[in-house]
Amino acid sequence: MPWKETKDPYKIWVSEIILQQTRVAQGKDYYLRFINQFPDIDSLASAEQTEVLKQWEGLGYYSRARNLQQAAQDIIHRFNGVFPTKYDDIISLKGIGPYSAAAISSFAFEQPYAVVDGNVQRVLSRHFEILLAIDSTEGKKRIALLAQKLLDKKQPAQFNQAIMDFGALICTPKAPKCETCPLSKSCRALKNNIVKEIPFKSKKVKKTDRFYYFFLIHKEDHIVIQRRPNIGIWAGLHELPNIESHSALSHAEILSKINFEEKKSIKLIHSIQHKLTHLNLNITLYHLINSSQYKCHKNQRLEKVSELSTFAFPKPLKNFLDIFFMNNI
DNA sequence: TAATCGTGGTG
DNA sequence: TCACCAAGATT
């Protein structure tokens, strides 16, 4: 892992943000490209937000990218452009919570702060048979205190890396390798045969439906694009003009909501469903065939198809645009 | 506290 | 196929 070959707090910081809720295999190439494009705090702080989001395109949880840049600008102003070394200063930065602050403090500065991520929650809750939900305040507190107590204060970086690796390789979520586990003798969950029951959560995420009807408005070698608002899903990314709804809309309802001149020339070209962690996404794409009369709104712009790769789009839209224009050139 | 925020891998 | 969840944080 390339971020393990450095003590540069900036690079360690970037790697930790990228790896939040993200697998190493998925984040590795993003890390290399991001560091190449923004090699230090100054280059990140002074970049255009659209550039930063472009580097993040396809990685998800896009507030991470915007918070990363905001924190870089914050470091310029509050810490003279030098990454802070105190835990309290580190955790005060946008996008850095308890896990990332402990990770940076230990990996970059060898300070005695125990990381608590999904791996650590799993390892400790099993080994010590903690029968508290890991998404409860009490459960989190118990595990955090335990991790901090267990931490080897003389080599916190190595300890933190080891316990996370242990969770990722041995004490895995499903089919943990208890037969060859070096801690099997002292594991209380294994002793009581409840390894697969731990850890557990108390809350159930209820999924909501969301419907997007996107319009591909095509004028010769240009299409109409716009930017998403700075809140909500895919905040700050580019997209196509659309209608959003919490329920399915009929074709007639869609036509009644749009103010295009040539309603009859709207053709459905693509319909897909996505299951996200917290919502069911239904995306329908329409093609406005004869759109020579279309006039852009203030928040919209005509952009050359050949320039679309310079903008960050949500993954479902990028997939569609890539295929559509590859087959139509 | 609970809801929200993406994408991809896994059994 | 589908629920689960991965180096979590914010509001």
Side-chain angles (χ1 to χ4, degrees), chain A residues 1-4 12-31 53 56-68 70-71 90-107 113-123 133-141 143-144 147 157 160-169 171-176 196 199-208 210 212 228-237 272-281 283 312-319:
Chain A
M1 298 180 284
W3 47 86
K4 287 294 156 192
I12 292 171
W13 171 39
V14 169
S15 76
E16 292 301 338
I17 302 303
I18 286 178
L19 291 175
Q20 286 172 4
Q21 299 288 282
T22 304
R23 295 169 186 278
V24 169
Q26 189 187 357
K28 183 180 175 181
D29 289 344
Y30 280 92
Y31 169 82
L53 287 173
W56 215 267
E57 183 185 34
L59 198 50
Y61 287 152
Y62 296 95
S63 64
R64 290 183 295 175
R66 294 179 296 121
N67 288 339
L68 198 60
Q70 184 180 331
I90 294 171
I91 204 172
S92 76
L93 295 167
K94 206 70 175 293
I96 297 182
Y99 164 77
S100 300
I104 297 167
S105 297
S106 61
F107 293 144
Y113 293 91
V115 294
V116 179
D117 71 335
N119 291 305
V120 176
Q121 288 179 330
R122 190 170 58 252
V123 170
I134 56 169
D135 59 348
S136 68
T137 302
E138 193 182 358
K140 288 177 188 171
K141 189 175 178 182
I143 292 174
N160 280 337
Q161 189 61 53
I163 192 170
M164 286 195 287
D165 288 347
F166 185 80
L169 298 173
C171 198
T172 50
K174 292 177 182 177
K196 62 178 182 297
F200 62 91
K201 294 179 180 177
S202 59
K203 307 165 199 161
K204 292 167 185 134
V205 282
K206 51 178 179 182
K207 289 194 170 189
T208 56
R210 202 175 298 178
Y212 286 96
R228 291 187 61 80
N230 285 322
I231 56 168
I233 194 169
W234 304 312
L237 273 64
I272 47 176
Q273 292 187 1
H274 277 283
K275 301 275 187 185
L276 276 63
T277 307
H278 58 291
L279 55 85
N280 296 319
L281 213 52
I283 294 176
F313 287 92
K315 191 68 170 178
L317 277 181
K318 177 165 174 52
N319 287 345

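Chain letters run A, B, ... following the sequence lines, proteins first, then strands; residues in each count from 1.
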Check your understanding: Taking atom NZ of A:K196 as the centre, does the number of heavy atoms from other residues, nucleotides or ligands within less than 6.0 Å exceed 12?
Key ->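 Atom NZ in A:K196 is not packed in, count stays at 12 or less.
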Review point. If you count the non-hydrogen atoms of other residues, nucleotides and ligands that lie under 6.0 Å from NZ in A:K207, is the total more than 12?
Key: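 Buried by this count: over 12 neighbours within 6.0 Å.
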Study note, to complete from the structure: The contact string for nucleotides 5-11 of chain C, one letter per nucleotide 5' to 3', using protein heavy atoms under 4.0 Å with B, S and - for base, sugar-phosphate only and none, comes out as BBBBSSS
Review point. If you look at every strand shown and take non-hydrogen atoms under 4.0 Å, does A:G58 touch a base, only sugar-phosphate, or nothing?
Key: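 Sugar-phosphate only.
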[atom1] of [X] versus [atom2] of [N]: gap in Å, rounded?
X      : N     : atom1 : atom2 : answer
A:N319 : B:dG8 : CG    : C1'   : 12 Å
A:N280 : B:dA3 : CG    : C1'   : 16 Å
A:L281 : B:dT4 : CG    : P     : 14 Å
A:D135 : B:dT1 : CG    : C1'   : 11 Å
A:I18  : B:dG8 : CD1   : C1'   : 16 Å
A:K207 : B:dG6 : NZ    : P     : 15 Å
A:L279 : B:dT4 : CG    : P     : 8 Å

Hey, does the side chain of [X] come within less than 4.0 Å of [N]'s phosphate (OP1/OP2), counting only N and O?
X      : N     : answer
A:H278 : B:dA3 : no
A:Y30  : B:dT7 : no
A:R228 : B:dC5 : no

**Study point:** Donor-acceptor pair, side chain of A:S15 and main chain of A:W13, under 3.5 angstrom
**Key:**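 Side chain of A:S15 to backbone of A:W13: no pair is present.
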Practice item. Only counting residues at least two apart or in another chain, list the ones meeting side chain to side chain contact (heavy atoms under 4.5 Å, CB included) with A:Q70. Key: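 A:Q70: side chain to side chain contact (heavy atoms under 4.5 Å, CB included) contacts with A:N67, A:K94.
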Check your understanding: Considering heavy-atom distances to DNA chain B, does A:P314 or A:A175 have its closest nucleotide positioned more toward the 5' end?
Key ->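 Nearest nucleotide further toward 5': that of A:P314.
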Check your understanding: Distance between the C1' atoms of B:dA3 and C:dA7, in whole angstroms?
Key ->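 Here B:dA3 and C:dA7 have their C1' atoms 23 Å from each other.
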Exercise for review: Test A:W3 against every option in A:V14, A:I18, A:I12, A:L19 by the side-chain contact (heavy atoms from CB on, under 4.5 Å) rule and name the one that passes.
Suggested key: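 By the side-chain contact (heavy atoms from CB on, under 4.5 Å) criterion, A:W3 pairs with just one of A:V14, A:I18, A:I12, A:L19: A:L19.
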Practice item. Could you tell me whether the side chains of A:E16 and A:Y99 share a donor-acceptor contact shorter than 3.5 Å? Key: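 A donor-acceptor contact under 3.5 Å links the two side chains.
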Exercise for review: Measure the NE2-CZ distance between A:H278 and A:R210 for me, rounded to the nearest 0.5 Å.
Suggested key: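 Result: 6.0 Å between the selected atoms.
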